[in-house]
2 protein chains.
Amino acid sequence: MRYRSRGRVKISTIEDIAKLAGVSKATVSRVINHHPYVRSELRERVQAIIDEKNYVPVAVAKDLRRLQTNLIGVVVPNLHHPFFGKLIQEISNILKEDCYDVVILQSNYAPEREREFIHYVRTKKLDGLIFTTLSLSIEEVECVSTSGMIVICNEHVETELISTVQFDEERAGYLGTKHLLEKGYTRIAFCYDTLKSKAQRKRYKGYKKALCEHHLSLQQEWIFRNCYGLKDGKRMIQMMQSMKNAPDAMFTGSDEIAAGMIMEAQRMGICIPKDFGVIGFDNQELSVMMSPSITTVSTSIASMAKHSIILLHKQSQGEGVQRIQLPISVIERESTRREEGHVSYRPLTVS
Amino acid sequence: MRYRSRGRVKISTIEDIAKLAGVSKATVSRVINHHPYVRSELRERVQAIIDEKNYVPVAVAKDLRRLQTNLIGVVVPNLHHPFFGKLIQEISNILKEDCYDVVILQSNYAPEREREFIHYVRTKKLDGLIFTTLSLSIEEVECVSTSGMIVICNEHVETELISTVQFDEERAGYLGTKHLLEKGYTRIAFCYDTLKSKAQRKRYKGYKKALCEHHLSLQQEWIFRNCYGLKDGKRMIQMMQSMKNAPDAMFTGSDEIAAGMIMEAQRMGICIPKDFGVIGFDNQELSVMMSPSITTVSTSIASMAKHSIILLHKQSQGEGVQRIQLPISVIERESTRREEGHVSYRPLTVS
DNA sequence: GTGAAAGCGCTAACAG
DNA sequence: CTGTTAGCGCTTTCAC
């Protein structure tokens with residue numbers, strides 16, 4: 001079904017204005033677009049009529065003429081996680097400077113949705129696309145690389161044809177884990193949602209690397225999967241109660257999970273950070289609002305936005321693809337600030 | 001600055017296909033649009049060429065021809081609050097059925113941004129607009145009501161020219177407060193962000209009505225303002241500690257605030273719901289994840305989305321404006337489930 | 001400086 | 001069933 005516009009109100013066109021002003025369409029066009037070389041007397045006369053008639057140019061006509069819509073799509077899985085909201089915010093702000101508007105496209109991780117989005121650039125409804133999530137195979141994305149600007153950010157994929165911007169997830173895993181170790185925790189657990197994601201795998205690799213550097217061996221029972229939010233944090237704290245060989249800290253990969261752990265620990269009388277250390281991810285507002293506040297791995301969303309757009313831009317000028325890896329850092333807060341006296345560093349005894 | 005598309009790759013047009021297939025543009029157009037009355041032999045031949053050449057029609061050309069973009073803008077203040085994310089989700093899903101796409105427009109409560117959005121419908125870049133927030137004066141919105149479909153939802157405004165959908169906020173305030181009273185709390189506090197919002201004023205009115213019905217007088221010191229999130233909830237619990245005449249329950253108007261109160265109460269050894277009752281708003285995920293889980297005033301976002309679109313639709317057919325008020329309900333959970341024995345109903349003694 | 005004219009790619013009457 | 005034709009409203013050479 002399609003909605004029809006009501007009673008086809010005759011809109012006023014550039015030609016109407018031209019006639020009223022006694023000039024050509026070209027002149028009116030020049031006035032609209034602030035083109036120089038229009039006698040100021042004429043300019044004023046035309047402008048007066050435009051104002052009087054409340055005329056505004058029809059955007060699609062211009063778009064067709066230029067085969068360009070000044071619209072960039074940003075593909076996100078959904079808007080539940082604040083990360084995507086912030087990223088969109090940053091991207092929108094920068095793009096607005098360049099006279100572009102952004103169209104937010106929610107995929108819900110559905111490849112067929114993403115295929116539709118790609119179709120929009122093929123039909124030139126969108127000038128370009130920034131993927132912040134990707135469920136589609138990279139090949140399907142690559143084949144539209146000629147009909148519009150495309151950048152993949154946040155998602156880790158291998159490609160020679162598309163520019164990418166990503167966080168250094170391995171280093172994130174490494175630094176986060178190392179922070180915990182340096183704070184005196186020695187029995188470090190790790191959790192993730194799914195290892196299907198390459199980013200998660202890299203993070204996991206960093207975790208293992210830090211462990212290795214400290215001569216600690218990996219405990220499979222300390223690796224938790226399918227962890228997304230608050231309730232998973234709570235669940236894990238509970239599970240740990242019944243473990244004979246329980247960890248004393250966790251790299252969570254999410255501030256929500258860390259918050260869940262803190263809330264449940266509090267209820268159960270477990271003291272964070274004394275009895276258990278926890279580090280989050282993303283430096284969300286939540287991480288400073290909890291008490292104890294959450295030590296977290298911080299990524300720069302602004303910088304991801306900025307670089308994505310730089311790459312979009314370069315691509316549109318045929319400057320070829322490029323891959324950028326963004327640094328991350330650890331922000332120390334209370335959830336890992338174990339009292340000095342309590343530091344007990346000893347190698348792990350495998351049970 | 002504007003990005004230029006790279007090296008102007010010659011795109012294939014409907015005319016190219018027509019020539020290759022040895023038919024007219026009209027026939028190709030019919031094939032593309034699944035128009036009946038095309039001999040199937042022809043249809044197949046044309047389709048084969050389309051597939052072979054990987055041809056896709058340019059959307060803007062069609063848009064210009066029809067003076068319609070099949071794009072609806074949805075104006076939200078930001079994406080921080082899950083309410084807007086969900087509303088957008090619902091709206092998008094319904095609109096997709098109607099072959100419309102939604103463009104999310106973030107205003108950050110800035111009237112000038114909203115003015116730009118309105119301009120998009122004047123320039124016909126957007127076929128319509130759904131405001132879920134409104135900082136602009138209603139007059140400025142009214143004057144574009146002829147150049148596109150416009151609906152205002154969630155925001156409470158007086159207008160004869162624009163269709164509106166809103167929740168029954170007064171009833172929300174009333175039912176929420178009444179629930180608390182029926183659970184045996186008698187010293188009910190209230191908080192809001194700002195009374196500049198008409199919705200908030202209505203909610204406040206409902207609160208007062210419930211109090212009045214129970215012959216309780218309003219205590220000014222129990223009315224808290226500038227409350228938005230977790231930290232405000234915490235702050236209020238702390239403040240109440242030092243009040244000589246402290247309330248025993250609160251209508252918060254937000255699940256986050258309620259969550260903040262619960263978290264802080266737990267830290268301070270105050271038992272919710274025994275010592276203090278709290279009711280949230282919006283029925284967010286958060287409200288079931290907290291312990292105690294949060295009793296909340298629930299609105300139907302899906303129904304708001306549905307009605308907004310129905311009204312958009314009606315408007316496009318010139319069926320005139322309409323105003324819809326959506327019902328709300330209270331979902332009882334643990335945060336107000338005071339033990340039966342504890343019910344002590346007594347009129348308030350004004351200090 | 002200004003105007004005339006040629007499209008941008010597609011759709012939709014209207015003939016045939 | 002299929003083709004012809006006339007635009008949708010705007011920009012942009014190219015003359016003058």
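Below, read A as the first sequence line, B as the second, and so on, with proteins coming before strands; counting in each chain starts at 1.
A donor-acceptor contact under 3.5 angstrom links the side chains of A:Asp51 and A:Gln47, judged on distance only. In the model, A:Tyr55 has no side-chain atom that pairs as donor or acceptor with a side-chain atom of A:Asp16 under 3.5 Å. For the residue pair A:Ser92/B:Gln106, the side-chain donor-acceptor check at 3.5 Å is not satisfied.
For the pairing with B:Ile32, the side-chain contact (heavy atoms from CB on, under 4.5 Å) check across B:Ile50, B:Ile17, B:Thr27, B:Val56 returns one residue only, B:Ile50.
Using a 4.5 Å cut-off on side-chain heavy atoms (C-beta onward), A:Lys96 and B:Glu116 make contact. When side chains are defined from C-beta on, B:Leu105 counts as touching B:Leu129, because their heavy atoms get closer than 4.5 Å.
Salt bridge annotation for B:Lys198-B:Glu158: present, with a cationic side-chain nitrogen under 4.0 angstrom from a carboxylate oxygen. Remark: A:Glu41 engages A:Arg45 in a salt bridge, criterion side-chain N to carboxylate O under 4.0 Å. The existence of a salt bridge linking B:Lys124 and B:Asp63 is excluded, since no basic side-chain nitrogen approaches an acidic carboxylate oxygen closer than 4.0 Å.
Within residues 29-40 of chain B, the residues approaching DNA chain C are B:Ser29, B:Arg30, B:Asn33, by heavy-atom distance under 4.0 Å.
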Write down the protein N/O and nucleotide N/O pairs, taken from nucleotides 6-9 of chain D, whose separation is under 3.5 Å; answer none if there are no such pairs.
from  : atom 1 : to      : atom 2 : distance (Å)
D:dG7 : N2     : B:Arg65 : NH1    : 3.0
D:dC8 : O2     : B:Arg65 : N      : 3.4
D:dG9 : N2     : A:Ala61 : O      : 3.4

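Between A:His81 and A:Phe83, the ring planes lie perpendicular to each other; the angle is over 60°, past the 30° to 60° tilted range.
When DNA chain C is scanned 5' to 3' for any atom under 4.0 Å from a heavy atom of chain A, the first and last hits are C:dG1 to C:dG9.
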